[in-house]
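Worksheet for the structure shown next.
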Amino acid sequence: MDNPILDIRDLHVWYRTYGGYAKVLDGVNLFVHKGEKVGLVGEAGCGKTTTMRSVLRILPESQVHTPRGQILYHGQDILQMNQRELHHVRTGGVSMIFQEPAAALNPVFTVGTQITDVIKYSGLSKQEKQKDNIKNLAMQAISEVYIADPERIMNSYPNQLSGGMKQRICIAMAIVTARELLIADEPGTALDVTIQDQVHKLLRGLVEKKGMSLIMITHSLGVAREMTDRIYVMYAGNIVEVAKSGDLFRKPRHPYTLGLLESVPKLTGGGMAEGIYGQIPDYLRPPGGCRFHPRCPRAIARCQEEKPNLADLGDGHQVACFQV
Amino acid sequence: MTEPIMELKDLKRYFLVHKSGGKQVFVKAVDGVNLTINQGEVMGLVGESGSGKSTLAYAVMGMYKPTGGRIIFKNQDISVSSAKRSLSLKKDLQIVFQDPGSSLNPSQNIKQILELPLKVHGLAKKGDLDKKIIDLLQTVELSPNYMYKSPATMGGGERQMVSIARALATDPSFVILDEPTSALDVSIQAKIINMLLKLQQAKRLTYLFITHDLSLMRNIATRVAIMYLGKVCEMADTVQFFKNPMHPYTRMLLSSIPVVSEEEEALKPQKVVSTGEIPSPVDVPPGCSFHLRCPEKTGLCTKADPVMIEAASGHFVRCHAYAKM
């Protein structure tokens, strides 16, 4: 296989807080190949969004400390880039869709202004940035996300649109100029299930059509199953299991993945599982060894002392657990 | 078991929105709902946002006075506003809200939060208050040292447990659960749902469970009703409902659910492509309110609003496609 577009290596991200450093990311490894759709799954507060925001370096820089790790974008470390290079990545390489479409759009500018701004600051040539062309590109992007009457939408403000429409506009902004990688941070979570289904289908169709890579952040295993080729399961700042989507659901191995899968209410019925005991640890004082051991039903003495590394089970299936 | 505890008869709740032209325009948030909830049942009320689920719950609780129709609780008409309800009725009806972050007072500690209902209803003598609060915390599996914690220092799951304890403090017989777990992660959701079911058994409670999650209802509800734009469009026993979903909207909902296994995939109705969005309740389309999104609409659907019919035993559906048979 060719080199990955994005390769995150041993990433540690800490937040400065009043009580000390909150050690959120604890060695994340993740890579994405060209045209690949990757899912990042985990509960709220396990560091999914932190990981992806550090890729674009949009975390508040004064509060963030990165003691170790690399984020290689085509072999170049994003964490070491200067503003100019970073600008290049943000405007021409990677785009992101956020969870809350209402918060991602600026309420005081029209949708049209916001989309054309994306084109104006992109890496297109002067010629391509002529007024007519910009407008055409924007209209085209809006019709690509299946919104009828792009002309009217261009002149409306975000509060005149419904939640599903706003999210479509956010997708349009993310694909209006050519990008290699799209990071979608729970794009359907704030929407109703039928609208979510529409938005996900649209997103998948566009990513496939344009040959982009996708990183899909979600807390829902079902969404990850429908949207992605390969899934990373994350717990408390660690990747605990990686597998092809089909394999992960057929033979999950990590106790956390098993617990999550059991907790999902099934359409087949059969009552509810017990859930996973306990909650996400306090990042100011994370547990030693495997961070999952206080909640793990299969924990042994070794889990408290030593951190398990990802071990390969073949065919790209990796698990970080001593008991597997 | 089959004794009805709560009956809603043609319940309506409209909200006035002024519009230009001096004409009064109403949002018909709940528009003629008939629903019977039996003693000891878990009734699942499912719908998208804007379908009127919460308005219905608040009308039952007395937070809104119904515009029309009646609410009968234990053979007693309670379709009046909260101020006119008796204290013993309020004690019998309780609600758990969706977001425990905003339904618990952040400047009170857990003891103060749980104390209030006990004091209002005179359920504990002064000396017994602490003991009673510890009991309450234990029923929701929280340790007594939570008494002096503030909600802000607790996780979402624990906060929701406190909300549940607060609702159970008055020993109610009917509890409305308004999306109690939709703000929580699945592992915590499973824990809370299990606890709710245990409590239901132990205290012989009746639940009206409001949610947008159909797969959750499959596992815990005895009956399911689907709401769309202020009206119930399908209602049946859970097993029957999932075996044979009838209304096109139900089938669209079911086919939109992301699932985690192939067995579940097989249970979904044949892929109904979900289209369109829920229209604004100010401007409900004429005829069947769903016809704009319906893949099976006919000419009749744009003109006449279908009535609820019993298409199979205990399986009610409001759709013209079943009326002809």
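We name chains A, B, ... by the order of the sequence lines, and we start the count at 1 in each one.
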- prompt: Which bit of B:Leu267 is near chain A, if near means a heavy-atom gap under 4.5 Å: side chain, backbone, both or neither?
  reply: side chain
task: Go through the atoms of A:Met165 and report whether side chain, backbone, both or neither lie under 4.5 Å from a heavy atom of chain B.
output: both
- prompt: In terms of side-chain geometry, is the basic nitrogen of B:Lys53 or B:Glu179 positioned less than 4.0 Å from the acidic oxygen of its partner?
  reply: yes
message: If you define the side chain from C-beta out and look only at heavy atoms, does anything of B:Met154 sit under 4.5 Å from B:Met161?
response: no
task: Assess A:Lys23 against A:Tyr21: is NZ or CZ under 6.0 Å from the centre of the six-membered ring, and within 45 degrees of the ring's axis?
output: no
query: Are A:Arg225 and B:Glu264 ion-paired here, with the side-chain N under 4.0 Å from a carboxylate O?
result: no
- line: Bottom line for B:Glu262: the part with an atom under 4.5 Å from chain A's heavy atoms is both
A:Cys321 and A:Pro255, any side-chain heavy atoms less than 4.5 Å apart: yes
task: Keeping the roles fixed (side chain from B:Tyr146, backbone from B:Val162), state whether a donor-acceptor pair exists under 3.5 Å.
output: no
query: Hey, which residues of residues 232-252 of chain A are touching chain B, say heavy atoms under 4.5 Å apart?
result: A:Phe249, A:Arg250
- request: Could you tell me whether the side chains of A:Thr17 and A:Tyr283 share a donor-acceptor contact shorter than 3.5 Å?
  value: no
message: Please classify the contact of B:Leu253 with chain A as side chain, backbone, both or neither, using a heavy-atom distance under 4.5 Å.
response: both
task: Side chain from CB out, backbone as N, CA, C, O: work out which of these in A:Ala44 comes under 4.5 Å of a heavy atom of chain B, or both, or neither.
output: both
Chain B contact via A:Glu262 - which portion, at a heavy-atom distance below 4.5 Å: neither
field: B:Ser261 portion near chain A, given a 4.5 angstrom heavy-atom threshold
entry: backbone
- request: Step through the shown structure and confirm whether more than 12 heavy atoms of other residues, nucleotides or ligands are within 6.0 Å of NZ on A:Lys266.
  value: yes
field: Inter-chain contacts: residues 224-248 of chain B against chain A, heavy atoms under 4.5 Å
entry: B:Phe242
query: Using 4.0 Å as the upper bound for N to carboxylate O, is an ion pair formed by A:Lys37 and A:Glu208?
result: yes
- prompt: Just by modelled atom types, is the B:Val42 backbone N or O under 3.5 Å from a matching donor or acceptor in the B:Thr222 side chain?
  reply: yes
statement: Highest number of heavy-atom pairs under 4.5 Å with chain A among B:Lys191, B:Glu277, B:Glu48 belongs to B:Glu48
